[in-house]
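One-based numbering, in listed order, for ligands and for the atoms of each. Computed from a predicted model, the values in this text were never measured in an experiment. Only this structure's heavy atoms are used, side chains among them; waters, hydrogens and symmetry mates stay out.
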Amino acid sequence: MFDGLKDRLNDFREEADEAVEEVGEDQETEEPRERSDGTRQEPEEQDGDAEIEEGDGEDDGEGDEEEEGGLRAKAKTLVGERAFIIEEDDLEAPLQDLEMALLASDVEVDVADEVVEGVRESLVGEKKHWRDSKNELIDDALREALVDVVDVDGLDFDSYVRDTDKPVVVVFTGVNGVGKTTTIAKVAKRLEDDGFSSVLANGDTYRAGANQQLSEHADALGKKVITHEQGGDPAAVIYDAVEYAEANGVDVVLGDTAGRLHTSDDLMNQLAKIDRVVDPDLTVFVDESVAGQDATNRAREFNDAAEFDGVVLTKADADSAGGAAVSVARVTGKPIVFLGTGQGYDDLREFDAEGFVDELLEQRE
Ligand SMILES: Nc1nc2c(ncn2[C@@H]2O[C@H](COP(=O)(O)OP(=O)(O)OP(=O)(O)O)[C@@H](O)[C@H]2O)c(=O)[nH]1
């Protein structure tokens, strides 16, 4: 999963690692050092922003004897630590490559910019002390910048279902062909594993075969499915499912909807009517991770037309690029709730932003 993105992030880490110059304490204060373009930088040029992070005070490096003595004394306390000189010039090429890598992985352009700027902000500074390796400094900057865009507060599906009055009504939106129906079946299985009953409702009354498709999943899982004739009113189907749930003590209603209608007005009208008639607790947008930038664009469009609460990205197991997973939460302001990770009913993974980013960065040679 997301192997292409992992490789590209790894390339950046290695490139940045090489670009960051490591020096000892003596060199830091007394010797000129070489820039990436081969020119020499004198120590006093560094002084504006060249504070040693801890214990260096406000000294500008050209002070009197007393100050120099103080510096030396403080430097002694830093024995055993290493210092890293990180200059914008040195990072320019790796950061440009990072931006290209993110774009090549289908990360949305503004999100890619934000990640790159986040890394730049964390790393650029004349000197930094680090007790551990410079790899860690770079990894932490990248991790933080990625978590910043991926981690969006919002829906925790499991606790929402647990804590909300029953029946909880969840409506799934998104274009056809992305695995929406399979996702509804997977969610039904997950709920059952957590001790919650569910009923499925086929609100996709536009597509021939949709009833049969959802019914097959319902049969396989031993779930009740509510359907109407093709061409019927989607809101009426979901309403019937809510009535069924209320009458039978079913915990959760999972409603499918038709995908892309002809215009966003049609889409909005359909969802607005479902809102009026059944007032769903949650609306979840489903798209396929493998669609990359298209999935991100559709998510934005759907959210603009009819705001949703969270996102499921299907087919993450088949997605090497990972751009949609990195971008969609930032672009919509709504969290990814689950990743679809295969064709089986158990192939639904709760999405955890920090865990996802850690996984992206764990591949280190
Ligand atoms: N590898 C993989 N395949 C998936 C995943 N989710 C769904 N699929 C497959 O994608 C295909 C389409 O899924 P469906 O749920 O039938 O998608 P759909 O018919 O477009 O459903 P709607 O979106 O409701 O129209 C099926 O073969 C699914 O098994 C996933 O997470 N990983």
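For the pair His217 and ligand 1, the shortest N or O to N or O distance does not fall below 3.5 Å. Where the criterion is an N or O separation shorter than 3.5 Å, residue side chain and backbone included, Lys180 meets it with respect to ligand 1. Between Asp347 and ligand 1, a contact under 3.5 Å exists for no N or O pair. Looking at Gly340 next to ligand 1, an N or O pair under 3.5 Å apart turns up. For a threshold of 3.5 Å applied to N or O pairs, the pair formed by Thr181 and ligand 1 contains at least one separation below that value. The distance criterion of under 3.5 Å between nitrogen or oxygen atoms is not met by Ala316 with respect to ligand 1.
Every atom of ligand 1 with a heavy atom of Gly177 under 4.0 Å away is listed here by number and element: 18 (P), 20 (O), 22 (P), 23 (O), 25 (O). Below 4.0 Å from some heavy atom of Thr182 lie the following atoms of ligand 1, by number and element: 7 (C), 13 (O), 14 (P), 15 (O), 16 (O), 28 (C). The contact set between ligand 1 and Thr341, taken as ligand atoms under 4.0 Å from a residue heavy atom, comprises 31 (O). Within ligand 1, the atoms closer than 4.0 Å to a non-hydrogen atom of Lys186 are 5 (C), 6 (N), 30 (C), 31 (O), numbered from 1 in the order shown. Close approach of ligand 1 to Asp256 is summarised as follows: ligand atoms under 4.0 Å from at least one heavy atom of the residue are 24 (O).
The closest protein non-hydrogen atom to atom 19 (O) of ligand 1 is Gln213 NE2, 2.8 Å. Protein heavy atom in closest approach to atom 8 (N) of ligand 1: Lys315 CE, 3.9 Å. Of all protein heavy atoms, the one closest to atom 26 (C) of ligand 1 is Gln343 NE2, 4.1 Å.
Linking ILVMFWY side-chain heavy atoms closer than 4.5 Å, directly or via other members, places Val237 and Val277 in a single hydrophobic cluster.
Between Asp193 and Arg190 there is no salt bridge, since no side-chain N of the basic residue sits under 4.0 Å from a carboxylate O of the acidic one. Note on Lys186 versus Asp347: no salt bridge recorded, every NZ/NE/NH1/NH2 to OD/OE distance being 4.0 Å or above.
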Tell me, with the steps shown, if Glu192 and Lys223 meet salt bridge (Lys or Arg N to Asp or Glu O under 4.0 Å). CA-CA 10 Å; Glu192 183 178 304; Lys223 300 288 163 202; 2.8 Å; yes
Check the pair Arg13, Asp17 against salt bridge (Lys or Arg N to Asp or Glu O under 4.0 Å), reporting the backbone distance first and the verdict last. CA-CA 6 Å; Arg13 293 149 85 195; Asp17 208 16; over 6 Å; no
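Under 4.0 angstrom from ligand 1, there are no non-hydrogen atoms of Glu216. When non-hydrogen atoms are compared, ligand 1 lies under 4.0 Å from neither the backbone nor the side chain of Val286.
Across Asp309 and Leu282, no two heavy atoms sit closer than the pair OD2-CA, 3.3 Å.
Residue contact annotation: Arg207 has a non-hydrogen atom under 4.0 Å from ligand 1. Using a 4.0 angstrom heavy-atom cutoff, Val175 counts as in contact with ligand 1. The closest approach between a heavy atom of Gly342 and any atom of ligand 1 is below 4.0 Å.
For the residue pair Arg8 / Ser105, a side-chain donor-acceptor distance below 3.5 Å is found, with atom types taken as modelled. In this model, a donor atom of one side chain and an acceptor atom of the other lie less than 3.5 Å apart for Asp251 and Ser197.
Compare Val312, Asp204, Asp317, Leu348 by their heavy atoms: the one nearest to atom 2 (C) of ligand 1 is in Asp317.
Here the straight-line distance linking atom CG of Asp11 with atom CG of Leu98 works out to 10.5 Å at 0.5 Å rounding. For the atom pair CG of Asp106 and CG of Asp294, the computed distance is 7.5 Å after rounding to the nearest 0.5 Å.
One N or O on the side chain of Thr314 and one on the backbone of Val178 form a donor-acceptor pair closer than 3.5 Å. The backbone N or O of Thr257 sits less than 3.5 Å from a side-chain atom of Lys180, completing a donor-acceptor pair.
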